There are 2 protein chains.
Amino acid sequence: MDSVKRNHRATIRDVARLAGVSAQTVSRVLNNHPDVSEQTRLRVQRAIAELRYRPNALARSLIKQASGVIGVVASGFHFYGPAQLLTGIERQATELGWQLMLQVATAPEDYDRIATALIAQQVEGVIWAYPELSSERERWFHQQLRPHAPIIFLSMEAGPDEVVLSVDNRLGARLAVEHLINRGRRRIGLISGPLSLWSAQQRRLGWEDALAAAGLPHTERQVVQGDWSAESGCRGLHTLLQQYPEMDAVFVSNDQMALGVLHAAHRLGLGVPKDLSVVGFDDMPESACFVPALTTVHHDLFALGQLAVREIDRVIRARRAGQPVTITSLMLQPYLVVRESS
Amino acid sequence: MDSVKRNHRATIRDVARLAGVSAQTVSRVLNNHPDVSEQTRLRVQRAIAELRYRPNALARSLIKQASGVIGVVASGFHFYGPAQLLTGIERQATELGWQLMLQVATAPEDYDRIATALIAQQVEGVIWAYPELSSERERWFHQQLRPHAPIIFLSMEAGPDEVVLSVDNRLGARLAVEHLINRGRRRIGLISGPLSLWSAQQRRLGWEDALAAAGLPHTERQVVQGDWSAESGCRGLHTLLQQYPEMDAVFVSNDQMALGVLHAAHRLGLGVPKDLSVVGFDDMPESACFVPALTTVHHDLFALGQLAVREIDRVIRARRAGQPVTITSLMLQPYLVVRESS
DNA sequence: AAAAGTCCCGTGAACGTTAACAGCTTAGCA
DNA sequence: TGCTAAGCTGTTAACGTTCACGGGACTTTT
């Protein structure tokens, strides 16, 4: 008798049958089209409720040629910066009604898998927040992803025809190091992040800028490369003190590594800031609670994430409407927060 | 002449036409079906490459009645625990070939929006990692989400017919407090997380367990509620010292708040562990670098996330095959890591 | 030499929704 | 009275893929 299969989700046709109307009319009710009489609308809504009908976004995407999904390529959740970025992206995306398809990259080898997945899922735009620095990147993206969906890159080198939103890492680093110089420090070390990443490289350049502007030397023995983790900051300080024993201040490329530096200094009996000044980068909320409280560079990655979504949203809407858009690259300005460690 | 629209993605039919075969044959090549001659396979693959054809996962999902997507409901990226969980989930999901549709909940008011979105996107399973403690939860889920997709809950109270994977927070807290008691401390305070969350409540119960087992009192003045942030730990210690001045040790419900406690103690001139022992919960990598290094409870949320994906994968596969599955709730055992702060 | 099996390939329908169009009714107007 | 417009509803086709089925060519078996 009952031709509806058990355990089968109700479709728009089931609703139509129950309400005694056509599928098209149900569709009109679902999409708030005006051309439906109040009486029919109510009947349809009752049928929807009774059958617990839920629209199928996949079918809708297929016919509409618009999935309502944007892809996000992130580098993980471990560190403060990426996490803040994701938070901003997520917040703005749900506010504008976009769904997020999340992809985590750990190395350039993941690019192919990620691009394939995003294209298959018909994402309408991509926010690429894996800040790798590679010469092949541009060629690759143009071939693969770009023909299918617009991309906005975050925190990387701007190439031609690419839109990149970022924080001015170089400026931030310069501010940090200038501050150390103003406090009378002259022998300033650097614990950098992985130099394959644009942000790490920019922060290093900012450190060089400040030293050069003050006529101070910057040599390889003043630099150690970490991996953003506290533990690497800890090791970094030990190595740095061996390479560069006369150091009286250190600029650390993120707050988590700076925490390791504070720890190591404490262990070694070095007073901060008396014997060694320390400045970090990120201004995580925890940094105010370090012992001693950390001087650091503040940047608003939450805002950057939000902005990225708003921009991709603009591009996508314009595309749908067949209008041309221009969005341009942009850099947010960071600033220094002075606390006890300098 | 050329009937293919400009800017239009190639479809399986375009490939078929170019290769001189039917769409079905192209489909067979794409899905590695055996019944294709080597010669045809090559012709099709050449056509795919030439047209830069990419399969449309939405169309495939629609006909296959299987989206290959699982929904993840998270509480954000700010704190160590949730971030670890997400990392484990993401890693295992890509390993098993699942796509992730990410939803962030900040309050129970978000449930409706999130469930609607996940159902619309035809997720085949849901990992619910927003650890809220609410009596209405069960009723709600049975009505809404359960009929559409299996759910695994993480870190919450197990109800009937619900599968919950979690860490034994209560045990972890008991271990921490027993350790403090073994070190001779008798007046042990608690800085808890938001008590609307199951994990925070469990940790509080573990603290009570240990005190009760040792015949020690536990009163309201020994407790302060924080919000997981370092800053709230800082404030928490101040409040707690006012309410409970004779305190000689404190169990802090997560490491980030413990950082705030260490900071506040340092500011107040309290020696840790001499005047005040501190034990945290989480064992974030940074905790080993706190000043002093933090004694804390280690739990493996990465493994928990992986496990959750493996279990939902099992359930989904069984469902597809029409087989019954039983998965059962489970608790991972945490352990104590003793460092300098106790 | 017929029957059966294997290999390879194509046809038509279906998944759940919406776009485009057509058609019917009623109202308004000259 | 006839004409136009407005309001509401239904029909058909389409989105891009796969499933179920059928069938031809060739090989093997009896």
Side-chain angles (χ1 to χ4, degrees), chain A residues 3-5 7-44 47-48 51-69 119-124 148 320, chain B residues 3-5 7-44 47-48 51-69 119-124 148 320:
Chain A
S3 75
V4 175
K5 298 180 213 158
N7 282 339
H8 199 272
R9 298 183 183 183
T11 73
I12 205 171
R13 267 188 267 269
D14 298 325
V15 175
R17 199 175 315 134
L18 180 60
V21 297
S22 73
Q24 181 61 217
T25 298
V26 178
S27 173
R28 279 191 269 255
V29 172
L30 289 173
N31 295 286
N32 289 317
H33 276 261
D35 287 353
V36 182
S37 73
E38 202 49 39
Q39 193 192 3
T40 318
R41 183 184 306 278
L42 283 173
R43 260 215 325 283
V44 169
I48 288 173
L51 294 176
R52 290 214 155 78
Y53 165 77
R54 304 289 199 132
N56 183 330
L58 266 40
R60 178 179 290 169
S61 302
L62 193 59
I63 185 74
K64 284 212 162 179
Q65 298 287 72
S67 64
V69 177
I119 293 170
Q121 296 291 331
Q122 311 293 110
V123 297
E124 295 188 67
H148 293 91
R320 284 183 187 164
Chain B
S3 75
V4 175
K5 300 178 212 160
N7 282 337
H8 199 269
R9 298 182 182 185
T11 73
I12 205 171
R13 267 186 268 268
D14 297 324
V15 175
R17 200 175 314 135
L18 180 60
V21 297
S22 72
Q24 181 60 216
T25 298
V26 177
S27 172
R28 278 191 269 256
V29 171
L30 289 172
N31 296 283
N32 288 318
H33 276 261
D35 288 353
V36 181
S37 74
E38 203 49 38
Q39 193 192 2
T40 319
R41 183 185 306 278
L42 283 175
R43 261 213 327 281
V44 170
I48 288 174
L51 294 176
R52 290 215 156 81
Y53 166 77
R54 303 289 199 134
N56 182 328
L58 299 182
R60 179 179 286 169
S61 302
L62 193 58
I63 184 73
K64 284 211 163 182
Q65 299 286 74
S67 64
V69 177
I119 293 170
Q121 296 292 332
Q122 311 293 111
V123 297
E124 295 189 67
H148 293 91
R320 284 182 186 165

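Since the model is a prediction, treat every value here as computed from it, not as a measurement.
Atom CD1 of B/Ile63 is separated from atom CG of A/Leu58 by 12.5 Å, given to the nearest 0.5 angstrom. With rounding to the nearest 0.5 angstrom, the CZ atom of A/Arg41 is 11.0 Å from the CZ atom of A/Arg28. Atom CZ of A/Arg320 sits about 8.5 Å away from atom NZ of A/Lys64, to the nearest 0.5 Å. In this structure, OG on A/Ser22 lies 13.0 Å from CZ on A/Arg17, to the nearest 0.5 angstrom.
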query = Step by step, would you call A/Thr11 with A/Asn56 a side-chain contact (heavy atoms from CB on, under 4.5 Å)?
reply = CA-CA 8 Å; A/Thr11 73; A/Asn56 183 330; over 6 Å; no

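B/Gln121 and A/Ala57 get closest at one heavy-atom pair: NE2-CB, 3.8 Å. When all heavy atoms are compared, the tightest approach of A/Tyr53 to A/Ile12 is CE1-N, 3.5 Å. Among all heavy-atom pairs drawn from A/Arg9 and B/Val123, the shortest one is NH2-O, 4.4 Å.
Partner of B/Val36 under the side chain to side chain contact (heavy atoms under 4.5 Å, CB included) criterion, chosen from B/Val44, B/Val29, B/Val26: B/Val29.
Of the candidates D/dT18, C/dG10, C/dG16, the closest approach to any side-chain atom of B/Ile12 belongs to D/dT18. Of the candidate nucleotides C/dG16, D/dG16, C/dC9, C/dG16 has the atom lying nearest to any side-chain atom of A/Asn56. Closest contact between the side chain of A/Thr11 and the listed nucleotides C/dT17, D/dG16, C/dT18 involves C/dT17. Ranking D/dT17, D/dC8, C/dT17 by closeness to the A/Ile63 side chain, first place goes to C/dT17.
Among the heavy atoms of the strands, none lies under 4.0 Å from A/Ser61.
Here the P atom of nucleotide D/dT9 and the CG atom of A/Leu42 are 12 Å apart, to the nearest Å. Between B/Arg17 atom CZ and C/dG10 atom P there is a gap of 14 Å when expressed in whole angstrom units. Look at CD on B/Gln122: it is 18 Å from P on D/dT17, rounded to the nearest Å. Here C/dT17 presents its P atom at 10 Å from CD of B/Gln65, a figure rounded to the nearest Å. If you take CG of A/Leu62 and C1' of C/dC15, they are 9 Å apart, rounded to a whole angstrom. Rounded to an integer number of Å, the gap from CZ of A/Arg41 to C1' of D/dC8 is 12 Å. Across the protein-nucleic acid pair, B/Arg43 atom CZ and C/dC9 atom P stand 8 Å apart, rounded to whole Å. For B/Arg9 and D/dT17, the CZ to P distance is 10 Å, given to the nearest whole Å.
Checking B/Arg13 against B/Ser22, the closest nucleotide of DNA chain C that is more toward the 5' end is the one next to B/Ser22. The 5' end of DNA chain C is approached more closely, in terms of each residue's nearest nucleotide, by B/Gly20 than by the other of B/Ala59 and B/Gly20. Between B/Arg60 and A/Glu38, the one whose closest nucleotide on DNA chain D sits nearer the 5' end is A/Glu38.
Listed by first then second residue, pairs satisfying salt bridge (charged side-chain N to carboxylate O under 4.0 Å, His left out) with a partner in residues 52-62 of chain A number zero, not counting sequence neighbours.
Between A/Thr40 and D/dT9, a side-chain N or O to OP1/OP2 separation shorter than 4.0 Å is present.
Fit an axis to the five pairs at each end of the helix from C/dA1-D/dT30 to C/dA30-D/dT1 and the two axes sit 50° apart, to the nearest 10 degrees.
Contacts with DNA chain C (heavy atom under 4.0 Å) in residues 23-36 of chain B: B/Gln24, B/Thr25, B/Arg28, B/Asp35, B/Val36, listed by number.
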